[in-house]
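The next block holds one structure in the form of structure tokens; read it before the comments.
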Amino acid sequence: MARAVCTPTRSGPKGSSRNVLAPGRVQSSTCFSLWLWHARMADSLFKNGETNDAPAYKVLARKYRPVTFDELIGQEAMVKTLSNAITQGRLPHAWMLTGVRGIGKTTTARIIARALNCTGVDGKGGPTVHPCGQCESCRAILEDRHVDILEMDAASRTGVEDIRDIIEGVRYGPVSARYKIYILDEVHMLSKNAFNALLKTLEEPPPHTKFIFATTEIRKVPVTVLSRCQRFDLRRIDSAVLAEHFAKVAEKEGAQTDSDAMTMIAAAADGSVRDGLSLLDQAIARGNGAVSADDVKAMLGLADRGQTVALCRDVLRGAMGEALKTFEAMQAVGADPVQVLQDLCDSVHILTRAQVVPDFAANASLPEYDRNLLADLADIKIPALARAWQILLKGIGEVQMAPRPAQAAEMVLIRVAYASELPLPGDLIKQLRNGKGLESNAAPNTPPSGGGGGVKLALGGGGVVSAPVVDIEPALELKACVASYPDAVALFAENREAGLHAQLYGRVHLVRFEPGLLELRVGDDAPANLAGRVGKLLSEWTGQRWVVSLSSKEGDPTLHEQDQAKQAQRYARAKEHPLVKAVFETFPGATLVDLKKTANELASMDVAVLSDDEEIDQDSED
């Protein structure tokens, strides 16, 4: 007689827990008997105590997994919204939980399932923000064996067939719970067809069904799915909150810790509770019940903070020799080259932030090492810090790909130290505008090498490099001086930009003009990129940065309209001249027009001079 072979499944549409059996293909009774024999043998082993003497160790990330909303840390906004929704009965039919790994997406989904299905100690309760933890539903969900709470790993079950199982199961009500809840983890891994198959059911599910989705890649989830869900973006946990949480967990485990060790673990966790608890688990095992800063440094490959501050001071001061010695000492104790550069980036960021935010240095939470660093390098300006940041950021990628990371890191440090001796771009521009050459860093008593002038660049360790002084010719100064808007427009004619010149001359209204700044009102037929092209070309032609913006204000008349108004005024003044009046009286049909002649041709004609600074070109024709 044939029997259906049953295979235990943990969760999903075909089975919700370890104790639910999903029917498989038909096999012989021999296979079923063999499976039953193995099950009985395993049960007898447990009864004999051969495997139950020492219970299996549960890692900290699972042991201290939150089971209520009150135990969730760092997600206050989401907890408040969910609590109010449950209290008021405003329950959506689908939630979308998104965020980085290890911040509580799946945990939140299970807490929601318990909150919606809790019946209270007396079995008469309804949905509550504070599940009792004692009723059958709470205990079954907590033990991962509730038949109506179905978890599915979308990363391994991505096809349409898996979604069809959900669609078919949705039609039937829950067996014992208030709501049948489907939890789909890593939902972004579903195929396009699977998403499309789920849309209709997700839009109008039965009232007894709720969906909870979790994903780390929210951009991969179709908008059609997102629009049918209530979305919650779980935030990274702040390092201070993580450090406090890890200290409490270590205390419960009976481990001795110090604040520096917890701070290092929290920083390495990068906002993830699960990652941090895994590191704490490892640190407790390494220290045999005591977690010290030295053990954490060795475990994570971190350098001493004092050495990092000293290295940052050396490279930003250009002391290459001292910097390399410090780096070698950090290497000797096992510091990771990539981590060293990342720590330097953190120090550069702290220095930059201190100059941008005035009250940053007065922050009581700032470590003493960082305070000393801010005091020692207060004279390093933002342009130099920004340059060091760019070099370090690019260097991290180079070190990660290099066959010998330590050597690559040394080259990056040398690059940063050498760049600290170079003049800043702003200083170079000022020197170019003033017509001065590059200033020498050489000592005043150092004789020039090679018989000519030279620049001495001091290197770490006392070495110097000589470089010839380059004379800056006046031709390298600003190519054009723009003192007014007409001057700027004239540049476009001189540089053969006829199209832009026609727009600026005849169709653009000036709203505001300052050196380096243009505010214009353009017509409807103006090119879409007019402002960008004008600013770019002016910057190239003048050697200074120009910002061109568009405005809706009225502004001045166009240059063409201004020239026409001036021309009309000249004609009016010319007609009032006695000589011109006499001409018109003698020749009633005469017309006053411009003569487009050269200065020599005009000088040979009898032209009336109206004033010392203005001439009227005139011609009389029948």
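Remember, predicted model here, so these are calculated numbers, not experimental data.
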Do the non-hydrogen side-chain atoms of Tyr485 and Leu520 ever get within less than 4.5 Å of each other? yes
Under the side-chain hydrogen bond (donor to acceptor under 3.5 Å, both in side chains) definition, can you give me all pairs with a residue in residues 391-402, not counting sequence neighbours? Glu398-Arg415
What closest approach, in Å, do Ile103 and Ser272 show between heavy atoms, and which atom pair accounts for it? CG2-CA, 4.3 Å
Using a 3.5 Å distance criterion without hydrogens, assess whether the side chain of His93 forms a donor-acceptor pair with backbone atoms of Phe211. no
Is there any salt bridge (Lys or Arg N to Asp or Glu O under 4.0 Å) pair reaching into residues 496-505, and which pairs are they, with sequence neighbours excluded? Glu497-Arg533
Donor-acceptor pair, side chain of Arg313 and main chain of Asp376, under 3.5 angstrom: no
Please give me the minimum heavy-atom distance between Met96 and Cys229, naming the atom from each residue. CB-CB, 3.9 Å
Restricting to salt bridge (charged side-chain N to carboxylate O under 4.0 Å, His left out), what partner residues turn up for Glu585, sequence neighbours left out? none
Interatomic distance, Leu377 atom CG to Ile350 atom CD1 [nearest 0.5 angstrom]: 11.5 Å
Worked check of side chain to side chain contact (heavy atoms under 4.5 Å, CB included) between Ile237 and Ile73: CA-CA 8 Å; Ile237 314 301; Ile73 62 173; 4.3 Å; yes
Hey, what do you get for CG (Leu234) to NZ (Lys105), rounding to the nearest 0.5 Å? 7.0 Å
Leu500 side chain reached by Val489 side chain, heavy atoms, under 4.5 Å: no
Arg570 vs Gln567, side-chain hydrogen bond (donor to acceptor under 3.5 Å, both in side chains): CA-CA, chis, key distance, verdict: CA-CA 5 Å; Arg570 293 178 64 204; Gln567 187 75 348; 3.2 Å; yes
Run the side chain to side chain contact (heavy atoms under 4.5 Å, CB included) check on Leu311 and Leu413 step by step: do they pass? CA-CA 9 Å; Leu311 181 62; Leu413 295 177; 4.2 Å; yes
Can you label the angle between the Trp541 ring and the Phe492 ring as parallel, tilted or perpendicular, going by 30° and 60°? perpendicular
Pick one: which of Thr106, Thr216, Thr215 meets side chain to side chain donor-acceptor pair (under 3.5 Å) with Asp185? Thr106
Would you please test Leu537 and Asn495 for side chain to side chain contact (heavy atoms under 4.5 Å, CB included) and show each step? CA-CA 10 Å; Leu537 292 176; Asn495 290 275; over 6 Å; no
Validation row: Thr98, Val221 side chains within 4.5 angstrom (heavy atoms): no
Taking every heavy atom of Pro403 against every heavy atom of Pro405, the minimum-distance pair comes out as O-CD, 3.6 Å
Say whether, by atom type as modelled, one donor and one acceptor occur between the side chain of Ser191 and the main chain of Gly159 under 3.5 angstrom. no
Validation row: Lys210, Ile112 side chains within 4.5 angstrom (heavy atoms): no
According to the side-chain hydrogen bond (donor to acceptor under 3.5 Å, both in side chains) rule, which pairs have a member within residues 501-510, sequence neighbours left out? Tyr505-Asp563, Arg507-Asp525, His509-Arg521
For the NE2 atom of His188 and the CZ atom of Phe195, what is their distance to the nearest 0.5 Å? 8.5 Å
Just to verify, what does Asp275 make a salt bridge (charged side-chain N to carboxylate O under 4.0 Å, His left out) with, not counting sequence neighbours? Arg101
How long is the span from the CG atom in Leu550 to the CD atom in Glu519, to the nearest 0.5 Å? 9.0 Å
Measure the CD1-OG1 distance between Ile212 and Thr108 for me, rounded to the nearest 0.5 Å. 9.0 Å
Take Leu351 and Ile382 through the side chain to side chain contact (heavy atoms under 4.5 Å, CB included) test and state the conclusion after the steps. CA-CA 9 Å; Leu351 291 169; Ile382 290 182; over 6 Å; no
Restricting to non-hydrogen atoms, name the atom on Cys312 and the atom on Ser347 that form the minimum distance, rounded to 0.1 Å. SG-CB, 3.7 Å
Any side-chain hydrogen bond (donor to acceptor under 3.5 Å, both in side chains) pairs touching residues 226-238, not counting sequence neighbours? Glu203-Arg228, Arg231-Asp233, Arg236-Asp270
So which atom in Ala109 and which in Leu97 form the shortest heavy-atom distance, rounded to 0.1 Å? N-CD1, 4.0 Å
Flag side-chain contact, heavy atom, 4.5 Å: Ile163 against Thr201: no
Does any non-hydrogen side-chain atom of Met411 lie less than 4.5 Å from one of Val399? no
Asp346-Gln342 side chain donor-acceptor pair, cut-off 3.5 Å: no
Would you indicate whether the side-chain heavy atoms of Leu198 and Val225 approach each other to under 4.5 Å? no
Looking only at heavy atoms, the pair that brings Gly535 and Trp546 closest together is O-CB, 3.9 Å
Roughly how far, to the nearest 0.5 Å, is NZ of Lys220 from CG of Leu190? 12.5 Å
Does any non-hydrogen side-chain atom of Leu559 lie less than 4.5 Å from one of Val508? no
